[in-house]
Amino acid sequence: MRVPTFNHVLALSAVIRVALVIYSEYHDAHSIVKYTDVDYRVFTDAARFILKSSEHRDGAGAAQGPLASVVGLGDPYLRDTYRYTPLLALIMTPNITLHPSFGKIIFSLCDIIVGIMLYELFCSVPPKPSAKAHVVEQQAVIWVSILWLLNPLVFTISTRGSSESILGLLVVGTLYLILRDHRHLAAVLFGISVHWKIYPIIYSASILAFYGAISDASRSKNWFLRLTNYHGLCFGVISASTFVVVTGALYLVWGYPLLWHSYLYHLGRIDHRHNFSSYFYATYLAYPSAHSEQLVSSALISHPLVSFLPQISLSLVSGFLLAESKSELPLTWFIQTMIFVTLNKVCTSQYFIWYIWFLPLVLPRLKLSIRDASLMVAIWVGSQAIWLSTAYRLEFLGEQVYLPLWLASMVFLAGNSWVLVKMLSGAYA
């Protein structure tokens, strides 16, 4: 079988994304059900608020930081449900000044850059080091094409206007720089990643473990010595400094709303709407209304720490235990992320992309039979299908199926957990 060149795959993936962006304009203009994600409208509105400050002489709509009057920018957080860094709204300002689809083009471009980095990482750290270069390159084209560049889930999410591809660029870029031994640049990008969305902080555990495993302290049985090696500590100082500098600079412009909407809100978020999370039903039942008092037991059930503690504990511990070499670091990040997403108090299909971008580097290394691989795919897809069919009855047909939907969430949790166990077994077989 003749395998196309990587440049041909890149060109095809770019054409698909441009075509879908153009189609989205037509579809949204002629259909009640929009192709464009509602979050994209939120980003665009936030960008509009940033640019509108100069129109108000009384200062209404201005940013709230100490240096806001000097910069002259507006407050993106005036847009309800905008819970992101102001950098995203700034990136989206050409949506107002140039064209409404500018952001979709940026997100699609980030998709393609991620694909390029995955291809180069696959070739530089191949599943079989003894394989010939041209064989590795062909394998890289196949895996990166199927799982990323030509994956319908991936290009649909970015062309609908989800900003996750920017996060993917930051996270995969950090991994790329670490595996290419650019420690300082990787640390800077990691600090920006955590600023952009706080969850990548879980990778700090595996980064410290990785640098400990390849350092002179690797022979020591003392975990503290391994985790406090020079390269790991240096990485931590640089990344933490980058986070503080970037967040501090933006705080001077946008003030406390930045800290609340970008970070504090997510730590204490309680969402009673239905989603894949197994916690949603308990949160729904315990969610206080204007006409009821919340019991202490209900408050405990719905408290964010109930889900956060096992989630963060398993994510960090897996990072400490699994990151031993360059070839194991992508798998470790995948496992950490899948644990984090599966056990998150809010879990939607959009979050799956957080671990999908590691798959081209992970799946080729697993020793799985065709039967096991097929069963894993069937369970992962089937558990989602069960949940989505039940959610359809609730959301579109108005049926009161909250309990069956929660049971479907439990099936999803069990299915994902089984897939994780099988992947770990395949990795260390």
Neighbour count >12 (heavy atoms, 6.0 Å) for atom OH, Y428: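 Counting other residues, nucleotides and ligands, OH of Y428 exceeds 12 neighbours.
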Other residues, nucleotides, ligands: >12 heavy atoms within 6.0 Å of L403 CG: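 Atom CG in L403 is packed in, count exceeds 12.
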What I want to check is whether the side chains of [X] and [Y] have a donor and an acceptor closer together than 3.5 Å.
{"X": "N344", "Y": "Y279", "value": "no"}
{"X": "S162", "Y": "D37", "value": "no"}
{"X": "S262", "Y": "Y251", "value": "no"}
{"X": "W254", "Y": "Q64", "value": "no"}

Of all the heavy-atom pairs spanning [X] and [Y], show the shortest one and how long it is.
{"X": "S318", "Y": "T332", "result": "O-CG2, 4.0 Å"}
{"X": "S158", "Y": "D111", "result": "OG-OD2, 2.6 Å"}
{"X": "Y77", "Y": "P257", "result": "CD1-CB, 3.8 Å"}
{"X": "I339", "Y": "S315", "result": "CG2-OG, 3.7 Å"}
{"X": "L189", "Y": "G173", "result": "CD2-C, 3.4 Å"}
{"X": "L368", "Y": "K422", "result": "CD2-O, 3.9 Å"}

Determine whether [X] and [Y] make a side-chain contact, defined as any pair of heavy atoms from C-beta on separated by less than 4.5 Å.
{"X": "M423", "Y": "L363", "answer": "yes"}
{"X": "L185", "Y": "R180", "answer": "no"}
{"X": "L167", "Y": "P200", "answer": "yes"}
{"X": "L322", "Y": "L331", "answer": "no"}
{"X": "I142", "Y": "Q139", "answer": "no"}
{"X": "L233", "Y": "Y211", "answer": "no"}
{"X": "K345", "Y": "Q311", "answer": "no"}
{"X": "S383", "Y": "N416", "answer": "yes"}

Straight-line distance of [X] [atom1] to [Y] [atom2], nearest 0.5 Å:
{"X": "T174", "Y": "I192", "atom1": "OG1", "atom2": "CD1", "value": "8.5 Å"}
{"X": "E137", "Y": "E120", "atom1": "CD", "atom2": "CD", "value": "11.0 Å"}
{"X": "L169", "Y": "I112", "atom1": "CG", "atom2": "CD1", "value": "12.0 Å"}
{"X": "R160", "Y": "K104", "atom1": "CZ", "atom2": "NZ", "value": "9.0 Å"}
{"X": "K197", "Y": "I166", "atom1": "NZ", "atom2": "CD1", "value": "10.5 Å"}
{"X": "N95", "Y": "S101", "atom1": "CG", "atom2": "OG", "value": "7.5 Å"}

Could you tell me whether a side-chain N or O of [X] sits under 3.5 Å from a main-chain N or O of [Y], the two making a donor and an acceptor?
{"X": "T390", "Y": "I386", "value": "yes"}
{"X": "S239", "Y": "G236", "value": "yes"}
{"X": "T5", "Y": "H8", "value": "yes"}
{"X": "E399", "Y": "R393", "value": "no"}
{"X": "S369", "Y": "D372", "value": "yes"}
{"X": "Q384", "Y": "W380", "value": "yes"}
{"X": "T93", "Y": "L90", "value": "yes"}
{"X": "Q336", "Y": "I202", "value": "yes"}
{"X": "S313", "Y": "P310", "value": "no"}

I'd like to check the side chain to side chain donor-acceptor pair (under 3.5 Å) partners of [X]; sequence neighbours left out, ordered by chain and number.
{"X": "R83", "result": "H261"}
{"X": "W333", "result": "S206"}
{"X": "S108", "result": "none"}

V42: side chain to side chain contact (heavy atoms under 4.5 Å, CB included) partners, not counting sequence neighbours: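 Expected list: R79, T81, Y82.
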Results of side chain to side chain contact (heavy atoms under 4.5 Å, CB included) for L20 - residues two or more places apart only: I16, Y35, F155, T159
ring-ring contact (aromatic ring centres under 6.0 Å, His included) partners of residues 172-197, not counting sequence neighbours, each pair once: F190-F235
N-O pairing of E328 and R365 below 4.0 Å: no
Sub-6.0 Å ring centroid separation between Y119 and W148: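 So the answer is no for these two rings.
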F43 and Y84 aromatic centres sub-6.0 Å: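 Under 6.0 Å, so yes.
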Matching residue for F412 among F276, W406, W387 - test: ring pair (Phe, Tyr, Trp, His ring centres under 6.0 Å):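 It is F276; the other options fail the test.
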Cation-pi geometry met for K326 and F210 (6.0 Å, 45°): no
Ring pair (Phe, Tyr, Trp, His ring centres under 6.0 Å) between W357 and F334, intermediate numbers included: CA-CA 9 Å; W357 50 54; F334 172 86; over 10 Å; no
Test side chain to side chain contact (heavy atoms under 4.5 Å, CB included) applied to V154 and R17, step by step: CA-CA 10 Å; V154 174; R17 284 164 172 80; 3.8 Å; yes
Worked verdict on E25 versus H99 for side chain to side chain contact (heavy atoms under 4.5 Å, CB included): CA-CA 11 Å; E25 291 289 317; H99 193 276; 4.1 Å; yes
Side chain to side chain contact (heavy atoms under 4.5 Å, CB included) between F122 and L118, intermediate numbers included: CA-CA 6 Å; F122 191 106; L118 291 174; over 6 Å; no
Geometric class of the Y203/Y199 ring pair [parallel <30°, tilted 30-60°, perpendicular >60°]: perpendicular
Side chain to side chain contact (heavy atoms under 4.5 Å, CB included) between M92 and Y40, intermediate numbers included: CA-CA 9 Å; M92 297 290 287; Y40 189 75; 3.4 Å; yes
